[in-house]
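Let me begin by presenting the structure, written as C-alpha cells, before commenting on it.
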Amino acid sequence: MKKAVKRILSLVLVVCMVSSALCTSAFAATSGGRGTQTITVVTKSNWWYPGHESITLRQDKVTVTYTNWRNSNKTKTATYYPTYVISIKNTNTGKTVTKTWDSKSITLKLDRNATYKITVSYANSPKNLMAGTSKAPLGYLYKNETSPNWWVNSTCKASAW
C-alpha cells in the first residue's frame, strides 16, 4: 500500500513539474511602453500537455488629468487602457496578422513549431489621447499623468525573448 501511494505521489510531482515548465511567466526583455518593441517567440509542439501555443500580453491603465483652458480650477481625471497595434509575423510562412489592443490583456494564439516576430507599437498620440472615452469634453487641455506600460504576462508552449 505504501509503495502505491509513493508511486502516485511521484507521478503527480512529475506532472506538476512538467506542466509548470511548459506554461511559464516571462518578464525579462519582453515589455514596453511608448514606441515600438519587437519580441521573438518560438513555439514547440507537446502532445502530452493540454492547451494551445499562445502568448498573453498585459497592460496597466493610464491616468489622465485634463484642465479647462478657460478656468484652470476645473480639473478632472480619467483612466483608460492605451491602444497598441500588434503585428504578428510567422517567419516560417511569411504570414502577418495585425490586431488592435486596448484592453487589460490579450492572448495571441500561435501555430505550433513556428518562430514569430511580434511587434507591439504604441498607437495613442496627444490628439487622440482621450479618444474612445466619454470623458473627453471640448475646450480642455490634456496632460498624461502616467506612462503606458505593457509586458508579457505568460506563455504556453512558447518561449519569448
Side-chain angles (χ1 to χ4, degrees), residues 9-66 76-136 141-161:
L9 286 176
S10 297
L11 182 62
V12 168
L13 288 174
V14 168
V15 169
C16 289
M17 186 176 67
V18 169
S19 65
S20 68
L22 294 175
C23 281
T24 60
S25 295
F27 298 105
T30 52
S31 62
R34 295 184 203 272
T36 302
Q37 179 74 28
T38 300
I39 304 169
T40 301
V41 178
V42 178
T43 62
K44 51 194 170 251
S45 173
N46 185 341
W47 298 98
W48 296 103
Y49 188 76
H52 198 278
E53 293 77 4
S54 65
I55 183 170
T56 301
L57 305 178
R58 190 164 176 188
Q59 68 175 328
D60 291 326
K61 281 188 173 183
V62 173
T63 302
V64 176
T65 300
Y66 48 100
K76 297 183 179 186
T77 303
T79 58
Y80 70 101
Y81 286 108
T83 302
Y84 289 94
V85 175
I86 303 171
S87 175
I88 308 155
K89 181 178 182 181
N90 184 329
T91 60
N92 299 1
T93 64
K95 181 181 174 186
T96 301
V97 176
T98 303
K99 296 185 178 227
T100 302
W101 174 36
D102 61 357
S103 60
K104 184 174 185 173
S105 65
I106 186 169
T107 299
L108 308 173
K109 291 187 178 181
L110 309 170
D111 295 333
R112 63 177 47 109
N113 296 326
T115 301
Y116 287 87
K117 293 283 185 188
I118 299 175
T119 302
V120 183
S121 301
Y122 183 65
N124 287 88
S125 68
K127 284 185 178 180
N128 67 358
L129 194 58
M130 294 296 290
T133 68
S134 60
K135 300 177 182 180
L141 302 172
Y142 304 100
K143 178 184 174 193
N144 204 355
E145 289 287 308
T146 57
S147 295
N149 182 32
W150 65 267
W151 62 94
V152 174
N153 192 49
S154 64
T155 60
C156 187
K157 297 185 191 181
S159 300
W161 65 88

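When the side chain to side chain contact (heavy atoms under 4.5 Å, CB included) test is applied to T100, the partners found at least two apart in sequence or on another chain are T83. With sequence neighbours excluded, the residues satisfying side chain to side chain contact (heavy atoms under 4.5 Å, CB included) with K61 are T79, Y81. Under the side-chain hydrogen bond (donor to acceptor under 3.5 Å, both in side chains) criterion, S105 pairs with no residue at all, not counting sequence neighbours. K104 pairs by the side-chain hydrogen bond (donor to acceptor under 3.5 Å, both in side chains) definition with nothing, not counting sequence neighbours. Partners of S103 under the side chain to side chain contact (heavy atoms under 4.5 Å, CB included) rule, at least two apart in sequence or in another chain, are W101. Among residues two or more places apart in sequence or in another chain, the side-chain hydrogen bond (donor to acceptor under 3.5 Å, both in side chains) test is passed with T56 by T107.
Distance check: D60 CG to W151 CH2 gives 4.0 Å after rounding to the nearest 0.5 Å. The CD1 atom of I88 lies 14.5 Å from the NZ atom of K117; values are rounded to the nearest 0.5 Å. Atom NE2 of residue H52 and atom CG of residue L110 lie 8.0 Å apart, to the nearest 0.5 angstrom. Annotation: the span from S154 atom OG to I55 atom CD1 amounts to 8.0 Å, rounded to 0.5 Å. Here the straight-line distance linking atom OG1 of T96 with atom CD1 of I118 works out to 11.5 Å at 0.5 Å rounding.
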Item to complete: I would like to know whether I86 and L57 meet side chain to side chain contact (heavy atoms under 4.5 Å, CB included); could you show each step before the answer?
Response: CA-CA 10 Å; I86 303 171; L57 305 178; 3.9 Å; yes

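Between P148 and Y122, the shortest heavy-atom contact is CG-CE1, 3.5 Å. Scanning all heavy atoms of the two residues, the minimum distance from V62 to P82 falls at CG2-CG, 3.2 Å.
Side-chain atoms of S159 and K44, non-hydrogen and from C-beta on, do get closer than 4.5 Å to each other.
Here the side chain of T43 pairs a donor or acceptor atom with the backbone of A114 at under 3.5 angstrom. For Y84 (side chain) and T36 (main-chain N/O), no donor-acceptor pair under 3.5 Å exists by modelled atom type. Y116 places a side-chain N or O within donor-acceptor distance of the main-chain N or O of D111, the cut-off being under 3.5 Å.
Side chains of T119 and K89: no donor on one and acceptor on the other come within 3.5 Å.
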